[in-house]
Amino acid sequence: MKRQVYNDLIVWKNLPASRRKPLILEGARQTGKTWLARELGRREFETFVEINFEQMTELRPLFETNFDLTRILMTIQAVTGKKVNAGTTLLFFDEIQFARRGLLSLKYFLDQMPELHIIAAGSLLGLIDHQDDSFPVGKVSFQRIYPLCFSEFLDAIGRDGLAEMLKNGDFIATDTFAATFTDLLRQYYFVGGMPEAVKTYAEQMDYNAVRQVQNEILKSYEKDFSNHPPKEIVKRMILLWESIPSQLAKENKKFVYTAVKNGARARDFETAIQWLCDAGVVYKVTRVRSGEIPLKGFEDIDSFKLYTLDIGLHAAMCGLEASTLVQGNDFFMQYKGAMTEQFVLQELRRIENTEIHYWTPDESRAEIDFVLQYKGEVIPIEVKAERHLKAKSIGIYIKQNNPRRVIRTSLAPYQKGDTVTDIPLFALADAVERGR
């Protein structure tokens with residue numbers, strides 16, 4: 001399975017010791033953090049040493065007595081039977097939240113043994129709730145891991161030629177194969193980008209097997225909700241999590257607290273929302289009133305939308321069947337807007353150093369689905385589920401904000417206009433990165 005983030009890990013690996021810090025892989029559970037660390041260790045190092053603190057319970061007290069690295073490494077070598085050599089070994093601490101003072105130990109590895117390559121990973125909820133640790137501020141680097149994007153999905157199921165078309169921005173070719181891309185996009189709407197779900201689909205081509213994997217992931221998330229946050233927050237987190245599909249199904253997808261629970265107010269659920277966002281399972285997109293830089297200066301923090309981390313999990317939460325999504329029956333037609341927005345948000349999230357909002361003015365009902373601040377430019381993106389391209393909101397946005405370019409994304413072919421450029425849904429993220 002090819003992951004685009006693997007190239008970023010290679011860059012980290014090759015940094016000089018004076019600039020390289022221990023790396024924490026961030027991301028929701030089962031997005032592929034452990035697999036990536038193992039793959040890096042297998043392919044790029046002479047020795048790979050993995051310590052899973054959830055499973056290897058005898059090593060959980062490893063850092064409690066002191067941070068004597070000689071003692072620590074001798075213990076690791078005795079347990080694993082592998083020699084740890086700076087420069088040729090990748091040392092991987094998985095589920096590091098189970099080791100008391102495990103996060104703090106990364107500071108001492110950096111200060112005393114900077115030549116040693118160390119990666120750490122764990123449940124984001126567990127890391128947030130790891131109250132016994134002083135976090136090693138300034139002593140670690142971070143790499144966010146997301147579910148597989150659409151082009152990675154194509155690679156995984158053996159359609160790497162199509163993935164290469166997207167990466168190269170070959171719109172003549174993508175228009176030629178538009179029907180194929182559209183069919184595969186519907187498959188991705190069901191399967192999503194969780195690595196185990198994609199692997200299952202690639203190997204078995206069985207939607208029922210994929211849905212079973214997705215349901216197991218959803219159960220593991222709810223279990224994780226129960227393990228870490230304060231008990232009074234857990235029930236609210238689950239209520240919020242389960243409400244997201246219905247919130248996005250509304251014509252106005254702005255999050256409404258009373259849709260979670262009758263009489264609910266912001267103060268009842270603000271903390272629960274923050275926990276879900278910090279865990280990486282929910283994306284929060286806030287409103288801006290203007291399309292000027294900096295977008296943060298025009299942010300309305302009380303108006304926002306919530307999206308899940310993965311479109312396949314989103315489909316599973318909705319109970320959408322494969323026949324509904326892939327064949328495009330009437331029920332899917334009613335829900336296609338929500339699924340399409342979820343897809344677009346998920347694709348845009350993988351673009352580094354991007355700030356994502358949505359826009360509505362104060363005086364009208366116009367709305368632009370996503371507004372990005374990227375490389376010193378504000379890019380409005382209007383999302384259409386199929387080929388219907390009428391969009392009054394674009395005209396209002398252009399009149400008020402005078403943007404250099406506007407992107408309209410749908411299933412219509414690529415067409416560059418003076419201000420508005422039409423980009424197929426399946427090619428959107430690559431086109432934004434190239435400035436098309």
Side-chain angles (χ1 to χ4, degrees), residues 1-10 12 23-41 50 52-54 92-98 119-128 140-157 188-202 210-225 227-228 237 241 244 275-284 306-317 342-343 345-352 354 356 429:
M1 188 177 292
K2 296 179 182 179
R3 298 299 308 268
Q4 295 173 9
V5 71
Y6 186 81
N7 294 328
D8 296 322
L9 300 184
I10 294 291
W12 169 82
L23 182 66
I24 295 179
L25 300 183
E26 296 184 300
R29 277 196 179 277
Q30 303 191 52
T31 50
K33 301 187 294 293
T34 299
W35 181 88
L36 280 163
R38 289 174 178 168
E39 193 73 357
L40 186 72
E50 177 178 348
N52 185 309
F53 287 105
E54 182 177 23
F92 177 44
F93 291 148
D94 203 4
E95 303 294 354
I96 195 172
Q97 74 276 6
F98 284 96
I119 290 180
S123 161
L124 279 176
L125 280 174
L127 295 178
I128 297 165
V140 294
S141 299
F142 300 91
Q143 180 64 60
R144 176 70 70 164
I145 308 299
Y146 295 104
L148 277 74
C149 66
F150 181 58
S151 60
E152 289 175 315
F153 169 77
L154 294 177
D155 270 326
I157 64 172
Y188 181 74
Y189 277 18
F190 184 90
V191 177
M194 301 303 286
E196 186 180 358
V198 175
K199 183 174 184 290
T200 299
Y201 186 63
V210 170
R211 180 51 54 83
Q212 183 177 349
V213 169
Q214 293 167 336
N215 287 333
E216 289 171 356
I217 293 172
L218 291 172
K219 287 178 183 177
S220 74
Y221 281 178
E222 293 201 7
K223 181 180 178 182
D224 212 27
F225 297 163
N227 286 341
H228 298 290
M237 287 176 65
W241 172 249
I244 292 175
W275 271 93
L276 289 171
C277 291
D278 289 343
V281 299
V282 163
Y283 301 145
K284 184 178 182 180
L306 293 182
Y307 298 86
T308 57
L309 81 157
D310 176 68
I311 192 168
L313 295 183
H314 184 96
M317 292 169 70
Q342 171 69 44
F343 168 76
L345 185 276
Q346 194 169 327
E347 289 286 289
L348 295 175
R349 285 284 298 184
R350 71 179 174 89
I351 303 174
E352 292 186 359
T354 303
I356 305 174

I want to check something: taking the side chain as every heavy atom from C-beta on, are [X] and [Y] in contact at a cut-off of under 4.5 Å?
X    : Y    : value
T34  : F92  : yes
I119 : Q143 : no
D8   : E352 : yes
L148 : D155 : no
E222 : W241 : yes
L309 : Y221 : yes
F190 : Y201 : no

Worksheet item: Should the ring pair Y283 and Y146 be called parallel, tilted or perpendicular, given that the plane angle runs from 0 to 90° and is split at 30 and 60?
Response: perpendicular
Worksheet item: Once the angle between the rings of F53 and F93 is folded into 0 to 90°, is it parallel (under 30°), tilted (30 to 60°) or perpendicular (over 60°)?
Response: tilted
Item to complete: May I ask you to check whether S151 and Q4 show a side-chain donor-acceptor distance below 3.5 Å?
Response: yes
Practice prompt. Decide whether E95 and Q97 meet the rule of one side-chain donor and one side-chain acceptor closer than 3.5 Å.
Written response: yes
Of all the heavy-atom pairs spanning [X] and [Y], show the shortest one and how long it is.
X    : Y    : answer
I96  : A120 : CD1-CB, 3.9 Å
A316 : Q214 : CB-OE1, 3.8 Å
A202 : A156 : CB-O, 3.5 Å
I351 : A429 : CD1-O, 3.8 Å
V213 : A197 : CG1-N, 3.8 Å

Worksheet item: Counting N and O atoms only, with roles assigned by atom type, does the side chain of K33 sit under 3.5 Å from a partner on the main chain of I145, one being a donor and the other an acceptor?
Response: no
Worksheet item: Is the backbone N or O of M194 less than 3.5 Å from a side-chain atom of Q30, with the two atoms forming a donor-acceptor pair by type?
Response: no
Practice prompt. Sequence neighbours left out, what passes salt bridge (charged side-chain N to carboxylate O under 4.0 Å, His left out) with R349? Give chain and number order.
Written response: none
Worksheet item: Residues two or more places apart in sequence or in another chain: which of them pass side-chain hydrogen bond (donor to acceptor under 3.5 Å, both in side chains) with Y188?
Response: Q346
Worksheet entry | Inter-residue atom distance T31.OG1 - D310.CG, 0.5 Å rounding | 10.0 Å
Worksheet entry | CD-CZ distance between E152 and R350, expressed to the nearest 0.5 angstrom | 7.0 Å
